[in-house]
Amino acid sequence: MGLGLTLLPLAAFDPATLPGQLVYGILIGSIYALVALGYTMVYGILKLINFAHGEVFMLGAYVALFISWALGYTPEEMQRAPMPSSLMVLGLMLVGSMVVCGLVGVLIEFMAYRPMRNQPRISALITAIGVSLLLQYGGALFLPVSPPPVIREEANPVQGSLRVWIQKPPEPLLGQYTEAEREFEQAKDAHKNEQYKIRTNGTTEEKLAALSDKLAAARTRYSDLERQIQPKSIRLILPHGLLVMAGTSLVLMLFLRWLVMKTKIGRGMRAVSQDFDSAALMGVNVNTVVFTTFLIGSALAGAGAMMYALFQGLTISTFFGVAPGLKGFVAAVVGGIGNIPGAVLGGLIMGVAEALVIWSGLDMFKDAFGFVILIIVLLILPKGLLGSNKVEKV
Amino acid sequence: MRFWLVRLASVAVVLVGCFLLQQWAAASLTPYLQSLVFLAGGYVALAVSLNLINGITGQFSIGHAAFYMIGAYTTAFLTATFFKAQPLDSTAWVVLMVVAGSVVAGIAGLVVGLPSLRLRGDYLAIVTLGFGEIIRIVVQNVKALGGSFGIDCRVEPAPPSIMLMWLLAILTIAICRNLLKSAHGLPFLAVREDEIASSAMGVQVTKVKVTAFVVGSMLAGAAGAIYAPFQVFITPLNFDMYQSFIVLTMVVMGGTGSVTGSAIAGLLLYLLPEYLRLMKQPGTSKAISIGGPAVAAGLVGVIVLVWLLRVVQAKVVGSKWQRWAGNLGALAATALLVYLGSLALHGVPFLRSRNYTMAELRMAIFALVLIALMLLRPAGIMGHHEFSWDGIGKRLRRRTSGAKA
Amino acid sequence: MSENATPVLRLKEATIKFGGLIAVNCVSFDLMKGDLFGLIGPNGAGKTTCFNLVTGLYPPTSGSIEFMGRDISGMASAKIAKLGICRTFQNIRLFKALSAVENVMVAAYLRHRTGLGSGLGLLPSAIRETKELRRQALELLDVVGLSDVAEERSGDLAYGRQRRLEIARAMATQPELLLLDEPAAGMNPNEKVDLQQTVRRIRDDFDKTVLLIEHDMRFVMGLCERIVVLDHGEEIAQGPPDAIRNDPKVIEAYLGAAV
Amino acid sequence: MTSKTSSKISLLAALAAAAVLFGCKPAETGTAGGGGSGSGSGSGETKSARAMPTVEGPKVEGDTIKLGLVASLNGASKPWGEDCKSGAQLAVDEANAAGGINGKKIELMIEDSNSQPQDGRVATQKLVSEGALCVLGEVASGITRPMTDVTYAAGVPQVAIGATAVDLTQKYANIFRVCYNDDFQGPVMAKFAYDELKLRNVAVMTDNKLPYSQGLSASFKAAFEKLGGKIASEEFYEQGNAQFTGQITNLKSKNPDGIFLSGYFNEVGPIAKQLRQNSVNVPLFGGDGWDSTELINSGGDAIVGGYFCNHYTSTEDRPEVKDFLAKWKAKYGGEPGTTMGALTFDAANLVIQALKNCKELTAKELIAQIDQTENFKGVTGTITLKGQNGDPLKSALVVKVTRTGFDFAKSYSPEELK
């Protein structure tokens, strides 16, 4: 207390919110895992901490932004006449980000890392820091940063949340609540549809204003009931965006697993990660393996970035990748860097740990706590949770 | 006896030199240039002290700003709490703070150094990085340290900070150089080279590692202790990850293990972005501004140049003159490419509409120079070598004898 | 018991397991002062693991290791080195970036008398000591015939010279017992003869006990006075070279169990 | 050597231990140094203690008047820095086109602070050493604070643009600002929330990395509690975070009837969106950090209907606003992305007006003239600095976020808050 720390804040230890926090932790952890995979794959192959990975992530968000703009979801257009989104838009952004990020990753490898392959690893690391700084500062010269842009939510076809009751509120209240919610949703849809009609010149300002008032009234009623129901119930609220994000991450991870375990190039990757030189001698085309590694790792970052930016509604700047990059990196190390399941596990642990720190009310130390976990894990298992603790051969 | 005379004389020279530097700077330099002189000294001290951990002992630490921060905040806190009563002359106070800051930072170094017994390489690196972030976040949340707003650590009258910082920088260099000159440095180098073999030779690896950590962090803490009163006001932002990376970059760019290399790179990398600030249109005091097409072409040009120079390095075998011709050719080709490229890029309206001043470009240029230097000289400016008069003599002799032959 | 009767090194049923694998199983032998002892066996027999046990890299799972009558099982490497056991490595582990003479000087670290402070301050005592250490190191390099390359970067030396440098480095700790792990590997026959002489000289002139691992039978038989044979972690024979040469178990181990 | 140090070490250890004890016992009151940025009450007593620079500042020689601007042209605060640069350039070009000051042209020198306090300080030193008669900047309090020591030492006036930390202007008489401080903004929003929105149980979310956010949250909490409201909970995040669901879950369980978001719009938008995803539909409101049309893009439906305290809105009818927006559009196209464009424009024009009033062009005179500013008609409101010890007397707007921009909701003059 003397140091001005409020160690037992107001929100501390509310059992009712714990399940929700845990589930969020896992959902968010899936993104950390996706970023961590990129670090871990490159590390496994080249023993290089690819500090520019966060910046590739950043570029992924920009690519998604540009695609959304190209498809017409620009701020000006959306203010004038919003239009609905479709899963196709989402798919285009996803694939676009993955492809461009994959190529950028490969380009970075070719230009900056390949020449450093036979050099001391620390020199390669500094080059990676240099690339990261160049993309942050150099990118800011050409990419839109002021004001920091954002992908319009109209481009996002998966809105809303899934609700799972753990403890239902008393029946009459629940009925009222469901009713109010439906009215609110209907008012929202009606309002939106009317807005979309602007595109086809089928609406008037008056009509829209009336609907807007209706929406406001519905919202007030709904939020009043929401507040009444809150203390009497326990539930999980899962934004659809987060679910899609976690689902896509899972699919990508399964794809990666298949690729690494079942394909020829995957075998090559495993061989190279065991012993770079021997694999080369045994006829594995090391350059192809490194190429694939960067391609896939960066594409995963691109996918993560696009979903992160869109579903969380984040403003994008050239520093967009710093925080998730650092988290992903820590997740990779916690899981055992170089180990693919480890990265996934690490990501999930980071997500859940963060959620628990917030739950306990110490959210001001949230970002420090990831590192505390990291240090504790490394002190007990010096190679991370799933890293091979093999003894150095003498 | 003679030894002590020489030693006393050299200490006296350093003291007088730093004193004169301080007097000269205070009398004839603007506050801006004084800042540059001061901070250049600070970065030399930081880079060389990190070199002790990273380059000489081979412990991959990338959180050096944490120790710097601890030194600075120890001083800031003590100054804010006790200095109002003016217990001491300000120089004496700062010297006392240097001791306090380095002790606290040294203890922190011990805390971080202990895990290094179990961790190697990249794992240690991430732990040190994490330690830096933890310290920053904790400070940010401690009201007594000013939180994220920062803390006032004024020492009045202003202490001779330039003198103190350069004394520290020279002390740091001297410590590292002495270590490498005496047999005491060998275990440190041996630990860097091969831990298992060192322990088989009876080197107490843990003790060596922890010593390096503690001494390195103490020096960084001392630098922080001098930095805080000079800055007058410090915030956690002064010590973020970027600072750690810059100092690490200085060490690697100078050549890991080379004390002179770290010192030179420290000066170079700190002063480069500041030099870019100073660039003006020739003959006027107007800031240089460059059009978008030229910037884009230049960016690509540097990358091309690096590749061409690498090709020259790798492929052109022949006399020195031939190599130089190759380098110049690469340079000329790039210049042409940049020129033509910028003309061609004028066709892009987006680029044409943009104009950049040096102030905006400087960080991008800095990053580009970093990459280019690493690609062209992966072992750093000095490699593993040290500056020495003997070495210079040898090179000169070789050159003359080569000319004879 | 008189002092002479205390063995320099005694392995008592030393055993180490890595997971399910028993790398060394109940190996026992004694080394007396001045012995020139050979440790042989086919690949994977556990020879190097034995060295690692003795030098404290791994603690034994069971059994004990005594040095000069003192139990050293599980002791830290550096401490064992200080007590007087030093080794070379099968795959050379020199301090590559250091010069040859510096490599040897590192090993003399044990005998530092001045404190670290004097080194940091480069006080006269440290300078004097550094000079003295360098002189001694150069002498040792002379013994192994490397004085001409003393100032060269050790990583750049020819293979055979690197092996010799390792021996000189190990000698510099002034050990009672010297462990040589395949010192002749990769050497040509002439070099091997030189090496035999060097090892013998080390034993005779410097009064050391030597335990060495070697694959080259001729080298071992010509040099060692007593030999232990390991196979699959177990001790299968022990005795003077002639006895070993004719031991059917040894022959089987080397020729394979295809009989 | 070693024995000496060891005795020193023990002495120091004792000292340090004592320091920790003393420094920590007075729990919340005696925060050391520049700590309590948002401690609303302390401002009254310190206001009179503004020290005039003892150094005779520079004076204009030759035909150009050098005006310095420190802005974040690199780094995380670049969005604001860019607007500062544009806003200042706009004002200076206009003044020069109109003939300058008594025939002397104004030269705008722009330096990069790289979004870092250390670089900001060095940049200021450079400007001062190159003869800047006045320094404008910075946007962030954390960077502005170290700059004030430099300008004070050089005897040069400094006009801060967006730095709202309370004690920035308390120390030196040469420091001014064109934005109101946290002690004004916090109570404005507290009053608005209490009186207009009728909120009684409010949750606060603070960006712990920003001095701005910490200060604003503190002053809001104090004012809101003084009015009789209750702070349900306070949650923290850091600039650059993306995920706020955890904090939202926490505050949702406290059933607040409104949420005060004191951070920058970069995070406020996503927070609003995630609040809605979690069915938190209570009113959102915050400080001038919200000001950017990007807020509507990032917050979407969720932020529409929110309120924040601002300096002006682009839909205002005041001629200054219309004029400014027209000029901006002509020169750069579009509208400024953040308020910093207008604030810097005002800061520059305020200095230019003061320069016009100067009898002789010296820094000392300029400080006096800036201090005499009365009813300066700026884009961001009518600014009076006279007798205000560096903080402007100007009214604050509360604006409402709509789908297309920000609509005027209520105006608070300084008197209304007293």
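Here is the naming used below: chain letters follow the sequence lines, and residue numbers restart at 1 for every chain.
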What about Phe245(B) and Phe51(A), are their ring centers closer than 6.0 Å?
-> yes
Pick one of side chain, backbone, both or neither for Ala197(B), based on which atoms fall under 4.5 Å of a heavy atom in chain A.
-> neither
CZ/Phe142(A): more than 12 non-hydrogen atoms of other groups inside 6.0 Å | yes
Pick from Met111(A), Lys47(A), Lys366(A), Gln119(A) with the largest number of heavy-atom pairs that fall under 4.5 Å of chain B = Met111(A)
Is it the backbone or the side chain of Ile376(A) that comes under 4.5 Å from a heavy atom of chain B, or both, or neither?
-> neither
Of Asp367(A), Ile337(A), Val372(A), the largest count of non-hydrogen pairs under 4.5 angstrom with chain B goes to Ile337(A)
Can you tell me how far the CD1 atom of Ile134(B) sits from the CD1 atom of Ile375(A), to the nearest 0.5 Å?
-> 4.0 Å
If one checks every heavy atom of Leu379(A) against chain B at 4.5 Å, the contacting part turns out to be both
Going from CD1 on Ile49(A) to CD1 on Ile62(B), what distance comes out if it is rounded to the nearest 0.5 angstrom?
-> 6.0 Å
Closest non-hydrogen atom pair, Pro382(A) against Tyr123(B) | O-CD2, 3.4 Å
Does the side chain of Val138(B) reach to within under 4.5 Å of the side chain of Phe365(A), using non-hydrogen atoms?
-> yes
Portion of Ile365(B) that has a non-hydrogen atom of chain A nearer than 4.5 angstrom | neither
Side-chain heavy-atom pair Ile122(A), Asn54(B) within 4.5 angstrom cut-off = yes
List the atom of Ala364(B), the atom of Leu134(A), and the distance in Å for their closest heavy-atom pair.
-> O-CD1, 3.7 Å
Region of Leu378(A) that comes under 4.5 Å of a non-hydrogen atom in chain B | both
Roughly how far, to the nearest 0.5 Å, is OG1 of Thr256(B) from CD1 of Ile126(A)?
-> 10.0 Å
Minimal non-hydrogen separation, Tyr242(B) against Tyr137(A), with atom names | CE1-OH, 4.0 Å
Can you see which heavy atom on Arg354(B) is nearest to which on Leu141(A), and at what distance?
-> NH1-O, 2.8 Å
With respect to chain A, which residue among Thr249(B), Leu119(B), Val369(B), Ile126(B) yields the maximal number of heavy-atom pairs within a distance under 4.5 Å?
-> Ile126(B)
Donor-acceptor under 3.5 Å (Ser123(A) side chain, Pro378(B) main chain) = yes
Nearest heavy-atom approach of Ile137(B) to Met364(A) is CG2-O, 3.5 Å
Separation of Leu326(A) CG from Glu133(B) CD (nearest 0.5 Å) = 6.0 Å
Engaged part of Leu299(B) at the chain A interface, taking heavy atoms whose separation is under 4.5 Å | side chain
Least distance between heavy atoms, Gly130(A) atom then Ala367(B) atom = O-CB, 3.8 Å
Pick one of side chain, backbone, both or neither for Arg136(B), based on which atoms fall under 4.5 Å of a heavy atom in chain A.
-> neither
